[in-house]
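Just so you know, these numbers use all the heavy atoms, side chains as well, and skip hydrogens, waters and symmetry mates.
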Amino acid sequence: MVEYKNKFLMLWRFTFIKIAILIQIGYLIVSTFLFFTVFSSENDFILFYNAGYRIINDINNLYLKESIDFFFRYFPFSAFFYTPFSLWDFTFGYFSFMMFNLLLNIGICILIYKIIKITTSKRIDKERLSRFLALFLGAAPQVNNYILGQNNLLVIFVLLASLYIFIKYNSLKYEFLASLLIGISINIKPITILIIPFLLVFLYHSKKDKIIIFIKRTISSLIGVSLILLPNIFLFFYFPKLWEGFINNNFGGVNIVSINHSFSISKLILNLFVFFNLPYNQFIILLISLLLFGGFSLYLFGKCFSNENSLIFGFAYGILIMLLAYFDSWNHHLLVLIPLLIIILFNIPENGKISTFYFKPSLLYYVFLDLLFMGIWFSLRQWFPFNFVSTVFLILNFYGISKYLNRSKR
């Protein structure tokens, strides 16, 4: 905590950070007003609050749908994370959760700084860093995250802590600890589940045309993730109704096939079929998207893996694949991606083509324009139900990582 305090005071010297903190406070005020007025009956914090209570007192109704659009869809073990907030009345629970998120934002900024410090050999321009951190703190998805009472900040904090440990400490026990944190992030929100394949420590030896696997490191990572996910299996086994609710809320029901503003490729294709009343199979669409992006990225990652710093790109790959392939990708999910993009920008040439064309424009779009285009989608959805602009930038990010890895290998 002392170290974090010193790092925060170091960042506080810069005007951009002070402005960003003031914006954060503004977001909290606006979000609180909207939370208790416009979104008082339908928001994600209601789900988390009820889940924290039900996992202790009414576990069979954990996946009970609050409404057609808002329902708990995460692993059952994740509900325990919200039990402390459910011990209080709803209003106090909400305010304590918001303060918790504000502290997480500060912790995320410090972790970004610490990761950049150990992954780049050149001197860090702290003023440049403060500008990027201010972009994260002031990003429009932040206000959406606060209004809905979402949990993305907890996910990225745990994810960055894991990445930091993976990179800094090159030993099995620390890799095991980092893997435990990955398991926690998956429990909180399965958006990080596709990072698991990139924890498999392997190299593709193109000259010998074979794959080399580092058994101990791979097993250590997989055991760490599995230990945290294992309680969910026991809960599913002892309470079969939980498994039924989990599958239905994530892969079935009208919520999956209804037209909405998700910007994943799978959802855009699904919207197309539903809009024109064409026959479809949502699982085939999902599977093709996963195989296409997942297969290519794993091949290239294994071929181009050079050291622990490469995990930055592996983590980003995992999040990008999930955002592009799974049905529900919302603008507040971009908060999980933005810190990884900032770290990438400090690990590739600052004014190179890859940075200029594939990362900086997308970062600015996520920060300033994504909410605007979501509003445009709501205005045009009767005639054009495709929220595709974010998809384009996600594909540019995916291509940019692939291009950089392939070029650095050569």
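Taking the six-membered ring where the residue is Trp, the centroids of Y358 and Y399 are separated by under 6.0 Å. Note: F33 and F36 fail the aromatic proximity criterion, with ring centroids not under 6.0 Å apart. Ring centers of Y82 and Y53: at least 6.0 Å apart, outside the cut-off. Aromatic pair F72/Y74: centroids less than 6.0 angstrom apart. You'll find the ring centres of F263 and F373 outside the 6.0 Å limit. Taking the six-membered ring where the residue is Trp, the centroids of F388 and F386 are separated by 6.0 Å or more. For Y49 and F85, the distance between ring centers is not under 6.0 angstrom. Residues F35 and Y94 place their aromatic rings such that the two centres sit under 6.0 Å apart.
Taking the six-membered ring where the residue is Trp, F100 and F97 present tilted rings, their angle falling between 30° and 60°. F166 and F315 have perpendicular rings, their planes meeting at more than 60° on a 0 to 90° scale where under 30° would count as parallel. Taking the six-membered ring where the residue is Trp, F346 and F132 present perpendicular rings, their angle passing 60° and hence far from 30°.
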Stepwise side-chain hydrogen bond (donor to acceptor under 3.5 Å, both in side chains) check, N347 with T119: CA-CA 7 Å; N347 277 270; T119 55; 3.1 Å; yes
From CA spacing to verdict: ring pair (Phe, Tyr, Trp, His ring centres under 6.0 Å), F80, F77: CA-CA 6 Å; F80 288 107; F77 191 66; 5.4 Å; yes
Residue pair D370, S390: steps toward the side-chain hydrogen bond (donor to acceptor under 3.5 Å, both in side chains) verdict: CA-CA 7 Å; D370 179 73; S390 298; 2.4 Å; yes
Side chain to side chain contact (heavy atoms under 4.5 Å, CB included) between Y317 and L300, worked out: CA-CA 11 Å; Y317 260 150; L300 193 61; 3.6 Å; yes
Evaluation steps, side-chain hydrogen bond (donor to acceptor under 3.5 Å, both in side chains), between Y146 and Q24: CA-CA 10 Å; Y146 279 133; Q24 277 279 311; 2.6 Å; yes
Chi angles and distances behind the side chain to side chain contact (heavy atoms under 4.5 Å, CB included) call for R73, Y63: CA-CA 7 Å; R73 63 196 316 172; Y63 292 102; 5.6 Å; no
Step-by-step ring pair (Phe, Tyr, Trp, His ring centres under 6.0 Å) determination, F198 to F301: CA-CA 8 Å; F198 298 95; F301 186 75; 5.3 Å; yes
Test side chain to side chain contact (heavy atoms under 4.5 Å, CB included) applied to L222 and S179, step by step: CA-CA 7 Å; L222 291 180; S179 301; over 6 Å; no
Residues K360, N351; criterion side chain to side chain contact (heavy atoms under 4.5 Å, CB included); working and verdict: CA-CA 10 Å; K360 289 180 180 178; N351 297 313; 3.9 Å; yes
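Under the 3.5 Å distance criterion, with hydrogens and angles disregarded, a donor-acceptor pair is assigned to the side chains of N397 and S362. Counted by atom type alone, Y326 and S289 present zero donor-acceptor pairs between their side chains at under 3.5 Å. Defined by atom type and a distance below 3.5 Å, a donor-acceptor pair is missing between the side-chain atoms of S329 and S264.
Between F313 and I348 there is a side-chain heavy-atom pair separated by less than 4.5 Å. With a 4.5 Å cut-off on side-chain heavy atoms, I196 and I186 count as touching. Counting heavy atoms from C-beta on, the side chains of R13 and K126 come closer than 4.5 Å. In this structure the side chain of L320 never reaches within 4.5 angstrom of the side chain of F293, judged on heavy atoms. Looking only at side-chain heavy atoms (C-beta outward), L229 and I233 stay at 4.5 Å or farther from each other. Within the 4.5 Å cutoff, the side chain of L159 has heavy atoms near those of the I156 side chain. For the pair L292 and I265, the minimum side-chain heavy-atom distance is 4.5 Å or more. Contact check for L287 versus F283: no side-chain heavy atoms found under the 4.5 Å cut-off.
Shown here for I112 and P339, the closest heavy-atom pair between the two residues is CD1-CB, 3.6 Å. Looking at every heavy atom in both residues, L340 comes nearest to I319 through CD1-CG1, 4.0 Å. Closest non-hydrogen pair, S297 versus I321, comes out as OG-CD1, 3.2 Å. For the pair N145 and N151, the tightest heavy-atom approach, listed with the atom from each and the gap, is OD1-N, 4.1 Å. Residues Y404 and P349 come closest through the heavy atom pair CE1-CD, 4.2 Å. L268 and N387 make their closest contact through CD2-N, 3.7 Å (heavy atoms, listed as atom of the first residue, atom of the second, distance).
Within 6.0 Å of CZ in F378 there are more than 12 heavy atoms belonging to other residues, nucleotides or ligands. Within 6.0 Å of CZ in F90 there are more than 12 heavy atoms belonging to other residues, nucleotides or ligands. By the 6.0 Å contact criterion, CG on N281 is enclosed, its count of non-hydrogen atoms from other residues, nucleotides or ligands being greater than 12. By the 6.0 Å contact criterion, NZ on K117 is open, its count of non-hydrogen atoms from other residues, nucleotides or ligands being 12 or less.
I55 contributes atom CD1, which lies 8.0 Å from atom OG of S78 (distance to the nearest 0.5 angstrom). Within the model, atoms CD1 of I354 and CD1 of I401 stand 10.5 Å from one another, a figure rounded to the nearest 0.5 Å. Annotation: the span from I115 atom CD1 to I167 atom CD1 amounts to 6.0 Å, rounded to 0.5 Å. For the atom pair OH of Y174 and NZ of K168, the computed distance is 9.5 Å after rounding to the nearest 0.5 Å. We find the CE-CD1 distance between M98 and I147 to be 10.5 Å, quoted to the nearest 0.5 Å. If you take CG on L278 and CG on L272, they are separated by 6.5 Å, rounding to the nearest 0.5 Å.
Under a cutoff of 6.0 Å and an axis angle of 45°, R381 and F275 do not form a cation-pi pair.
None of N101, N152, N105 except one satisfies the side chain to side chain donor-acceptor pair (under 3.5 Å) rule with Q142; the exception is N105.
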